[in-house]
Amino acid sequence: MAQFWKPGTEKPRLVDDEEGGVLFFSASASSSSSSRFGYASIEKQRQRLPVYKYRTAILYLVENHATTIIVGETGSGKTTQIPQYLKEAGWAEGGRVIACTQPRRLAVQAVSARVAEEMGVTLGEEVGYTIRFEDLTNSGTTMIKFLTDGVLLREMMDDPLLTKYSVVMVDEAHERSISTDILLGLLKKIQRRRPDLRLIISSATIEAKSMSAFFQTSKRRRALEGEELGPRMDPAILSVEGRGFHVQIHFVEEPVQDYVQAAVSTVLLIHDQEPMGDILVFLTGQDDIDAAIHLLNEEAQTNRKHSSGLILLPLYSGLPRAEQELVFSPTPRGKRKVVISTNIAETSLTLEGIVYLVDSGFSKQKFYNPISDIENLVVAPISKASARQRAGRAGRVRPGKCYRLYTEEYFSKEMSAEGIPEMQRSNLVSCVIQLKALGIDNILGFDWPASPSPEAMIRALEILYSLGILDDDAKLTSPAGFQVAEIPLEPMISKMILSSNELGCSEEILTIAAVLSVQSIWVYGRGVHRELDEAKLRFAAAEGDHVTFLNVYKGFLQSGKSSQWCHKNHVNYHAMKKVVEIREQLRRIAQRLGIVVKSCERDMQVVRKAVTAGFFANACRLEAFSHSGMYKTVRGSHEVYIHPSSVLFRVNPKWVVYHSLVSTDRQYMRNVISIDPSWLIEAAPHFYQHHGQNSFGK
DNA sequence: GAGCACTGC
């Protein structure tokens with residue numbers, strides 16, 4: 001056991017040649033372990049950040065290149081400093097604005113607050129931010145604006161050339177979210193019309209080359225532009241080192257059979273043999289995490305000396321807020337904290353004090369099959385980029401150790417360098433409608449950083465056509481198409497809202513739309529399934545989950561939005577507050593679109609019709625003679641089941657539509673409502689035209 | 001009979 005590990009090293013930093021006119025600054029390899037001193041002035045602190053050494057170089061490159069790619073490791077200070085350098089160099093003069101996008105709302109808020117503090121200004125004035133539902137900027141005074149990439153996309157609908165921005169910095173571009181990829185594609189287009197616009201793409205090492213290739217304009221274009229004044233069109237690449245400490249990498253010598261068991265053994269091994277310091281374990285989901293904690297607890301009972309002093313903390317998004325926050329509490333003296341986490345700890349939140357890292361090499365990832373139109377969540381191997389990111393989590397406070405539960409040979413020979421961009425793993429309905437709203441007609445010919453499959457594109461176009469959002473020429477219909485594009489929700493939900501106007505149930509449908517937009521309004525946790533089921537029964541509606549949501553919402557309002565009421569009923573208080581907030585936003589949007597907000601009172605049939613009008617593509621029929629509750633999708637005859645969390649579980653109405661599928665050993669429909677099949681033909685004659693009368697018989 | 005993570009006027 002003691003010789004389980006074979007030390008290895010991380011792949012060295014990519015230091016590349018200068019082919020194709022790409023300028024490359026290599027960072028010095030110094031292990032920057034300079035410590036921060038307590039009372040240094042903000043200015044001194046800023047100068048100590050690794051990125052400070054590159055201030056002049058960055059400003060030079062931005063001045064002279066249309067696109068600059070910054071390869072920066074965590075802790076380099078690039079996100080907070082570069083926008084300030086740009087402002088100091090005059091890029092915000094004359095009413096122009098410097099934009100910096102982030103993939104996450106929380107990051108936008110945190111970073112903008114930090115920058116405002118460093119500049120000694122009030123947040124919302126010179127430095128501001130915009131996220132969905134929150135605009136803390138002041139047009140006229142805001143010079144540096146942080147925003148989510150999705151918000152910047154929305155801004156393009158009003159101002160396609162982003163004329164008020166002088167520089168757009170796309171941060172964390174290596175995460176390759178759908179909105180980042182759309183944004184990169186559009187920014188490249190804008191550059192041709194606006195030579196004055198500068199782009200900064202911040203990316204992890206491993207992605208820098210493909211980013212550079214993407215922004216490289218063709219030789220012919222460059223020859224044409226060569227004579228003109230203006231920035232060079234070829235991208236520059238600059239590498240900035242981070243502030244992380246060295247992390248020693250260990251691989252297993254033989255492949256492991258069971259990564260949960262291996263993770264547990266490794267935690268015990270570290271606890272046995274290594275000095276104090278907290279451990280972070282990456283597993284794939286709640287199941288794995290609960291199993292690992294169970295095994296470690298068992299160990300604690302049978303072999304006390306092995307595991308005494310371990311504090312076991314699960315971490316995943318579905319965990320109630322209070323339990324999530326335990327991972328941030330300081331470790332008591334003489335104890336060792338073991339955080340067992342999903343990918344949430346890889347990007348979304350940062351744990352301080354982690355010294356040991358156990359990497360299973362797997363995560364749950366979404367995949368999309370355009371033929372069946374089904375998105376699956378499956379356990380899949382992570383990429384080298386992810387492995388590297390995970391390892392880095394162990395070196396934030398002092399040198400750390402990373403234990404990888406896969407072999408070095410597997411890492412170097414089989415693990416893919418980078419993950420598959422989300423664009424190539426998703427249903428593209430939302431993406432297509434956004435591009436259409438931005439006036440991009442030739443979607444199949446769009447210049448993407450990573451092209452989605454034509455099948456997925458065609459499937460999205462087909463569904464949008466059936467929803468009446470696109471016409472025969474694949475243009476947005478008026479008014480429905482333009483209205484759906486305005487609503488910041490999944491197009492199927494937006495369509496449901498539009499239909500509710502005609503059906504006279506918009507009050508109810510707005511509530512349902514808001515509930516479907518939050519993760520879950522229920523509190524679920526280990527060992528409380530039965531209590532949750534009982535609580536649900538108090539609200540359960542025979543029609544299905546959507547109508548059940550209406551009952552919960554009504555109860556919540558009647559309780560005076562009480563957190564105690566939520567606790568008593570296993571309802572997630574934070575989720576319900578968000579529902580109220582989103583619903584209010586949707587109500588305003590609906591009114592702006594001319595929707596009359598009206599209640600259908602007790603008539604749930606119209607509510608079900610409105611849901612069907614949006615979700616007809618997800619219609620399923622119970623298999624006759626099936627006692628196992630097996631359904632088949634009307635479109636593709638795929639085998640699906642009602643999720644056990646649904647109020648219709650075991651009720652099994654003959655016809656249902658679902659909101660989403662989750663797949664484990666089976667495909668489970670989540671959020672299900674019973675319908676009458678005749679509504680399907682009413683809602684989408686084209687979609688179901690090839691089905692004869694018989695297939696809809698009762 | 002049971003849920004990776006984000007996000008949008």
Side-chain angles (χ1 to χ4, degrees), chain A residues 101-108 130-135 147-158 172 175-180 182-183 282-290 315-319 341-349 360 362-367 375-380 382 386 419 422 425-426 430-431 433-434 437 482-491 493-494 517-520 522-530 532-533 582 585-593 628-629 641-646 649-650 660-666 668-671:
Chain A
T101 73
Q102 295 290 320
R104 278 169 289 280
R105 294 160 59 95
L106 213 63
V108 167
T130 310
I131 55 181
R132 180 166 69 153
F133 304 148
E134 250 185 276
D135 181 14
L147 66 176
T148 48
D149 32 28
V151 168
L152 191 59
L153 277 181
R154 284 278 162 183
E155 288 191 0
M156 280 190 195
M157 289 186 192
D158 295 326
E172 314 283 357
E175 288 190 24
R176 305 300 300 272
S177 71
I178 291 183
S179 8
T180 310
I182 301 178
L183 192 60
F282 278 110
L283 294 179
T284 64
Q286 188 180 342
D287 267 0
D288 283 358
I289 292 169
D290 288 347
L315 181 62
Y316 46 86
S317 73
L319 209 61
S341 173
T342 61
N343 252 4
I344 191 170
E346 191 179 307
T347 48
S348 302
L349 52 90
S360 65
F362 290 93
S363 71
K364 285 197 185 177
Q365 292 161 39
K366 188 172 69 181
F367 288 93
E375 279 182 342
N376 268 347
L377 202 55
V378 295
V379 173
I382 61 169
S386 258
E422 195 185 6
R425 299 183 283 115
S426 306
S430 296
C431 167
I433 198 169
Q434 253 183 330
F482 285 96
Q483 287 176 321
V484 166
E486 278 266 307
I487 305 174
L489 297 173
E490 295 167 47
I493 295 185
S494 306
S517 304
V518 302
Q519 265 198 345
S520 172
W522 305 107
V523 176
Y524 51 88
R526 285 151 293 154
V528 298
H529 282 311
R530 203 171 53 85
L532 175 56
D533 284 350
I582 292 174
Q585 291 291 333
L586 294 178
R587 197 183 57 78
R588 267 186 234 158
I589 293 166
Q591 283 180 327
R592 207 178 59 214
L593 295 176
S628 57
Y641 295 83
I642 292 181
H643 195 278
S645 67
S646 169
F649 178 67
R650 280 206 281 250
S660 61
L661 284 182
V662 290
S663 73
T664 45
D665 51 330
R666 286 173 168 181
Y668 286 109
M669 302 181 264
R670 266 207 307 198
N671 299 328

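Keep in mind the model is a prediction, meaning the values are calculated, not measured. Order of the sequence lines sets the chain letters (A, B, ...), proteins ahead of strands, with each chain counted from 1.
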Touch class at under 4.0 angstrom, heavy-atom based, for A:Arg132 against every strand present: base
A:Asp287, nearest nucleotide to its side chain (from B:dC6, B:dG3, B:dC4): B:dG3
Contact under 4.0 Å: A:Thr148 side-chain N or O vs B:dT7 OP1/OP2: no
Donor-acceptor pair between A:Glu346 and A:Ser386 side chains, under 3.5 angstrom: yes
Between CG on residue A:Leu153 and OG on residue A:Ser179, distance to nearest 0.5 Å: 6.0 Å
Protein-nucleotide distance (A:Leu532, atom CG; B:dG3, atom C1'), rounded to Å: 12 Å
N or O in side chain of A:Arg105 less than 4.0 angstrom from B:dG8 OP1/OP2: yes
B:dG8 phosphate, OP1 or OP2, under 4.0 Å from A:Ser179 side-chain N/O: no
Nearest-nucleotide pick for A:Asp533, side chain only, options being B:dG8, B:dC4, B:dA2: B:dA2
Flag, side chain of A:Glu172 to backbone of A:Gln102, donor-acceptor distance under 3.5 Å: no
Euclidean distance, atom CG of residue A:Leu283 to atom C1' of B:dG3 [Å, nearest integer]: 16 Å
Length of the line joining A:Arg670:CZ and B:dC4:C1', which is rounded to integer Å: 11 Å
Under 3.5 Å donor-acceptor pair, A:Asp290 side-chain atoms to B:dA2 base atoms: no
From B:dA5, B:dG1, B:dT7, nucleotide with atom closest to A:Pro644 side chain: B:dG1
Sugar-phosphate, base or nothing in reach of A:Val151, heavy atoms under 4.0 Å: sugar-phosphate
Closest-nucleotide ordering on DNA chain B, the 5'-leading residue of A:Arg592 and A:Thr342: A:Thr342
Shortest side-chain distance from A:Lys364, nucleotide among B:dT7, B:dC4, B:dA2: B:dC4
Counterpart residues, side chain to side chain contact (heavy atoms under 4.5 Å, CB included), relative to A:Phe367 (two or more places apart): A:Gln365, A:Val378, A:Ala380, A:Ile420, A:Arg425
Residue closer to the 5' end of DNA chain B, A:Gln365 versus A:Ser517 (nearest nucleotide): A:Gln365
Check: B:dC9 base within 3.5 Å donor-acceptor of A:Gln585 side chain: yes
Sugar-phosphate only, base, or nothing, as touched by A:Ile344 at under 4.0 Å among non-hydrogen atoms: sugar-phosphate
Side-chain ion pair, A:Glu486 and A:Arg592, N-O less than 4.0 Å: yes
Distance, rounded to the nearest Å, where A:Leu661 contributes CG and B:dG3 contributes P: 13 Å
Selection from B:dA5, B:dG3, B:dT7 that lies nearest to any side-chain heavy atom of A:Tyr316: B:dA5
Distance in angstrom units between A:Arg588 CZ and B:dG8 C1', rounded: 16 Å
Close side-chain approach of A:Val151 to A:Val108, heavy-atom, < 4.5 Å: no
Distance, rounded to the nearest Å, where A:Arg650 contributes CZ and B:dG1 contributes P: 7 Å
Residue A:Pro488, side-chain atoms from C-beta onward, closest of B:dG8, B:dA2, B:dA5: B:dG8
Rounded distance (Å) that lies between atom P of B:dC6 and atom CG of A:Leu153: 20 Å
Qualifying residues under side chain to side chain contact (heavy atoms under 4.5 Å, CB included), relative to A:Asp287, sequence neighbours excluded: none
Whole angstrom value for the distance that separates P of B:dC9 from CE of A:Met156: 12 Å
Nearest-neighbour nucleotide for the A:Glu490 side chain, B:dC4, B:dG8, B:dG3 considered: B:dG8
Candidates B:dC4, B:dG8, B:dG1 - which lies nearest the side chain of A:Leu377: B:dC4
Among B:dC6, B:dA5, B:dC9, the one nearest A:Arg154 by side-chain distance: B:dC9
Closest to side chain of A:Gln519, choosing from B:dA2, B:dC6, B:dG3: B:dC6
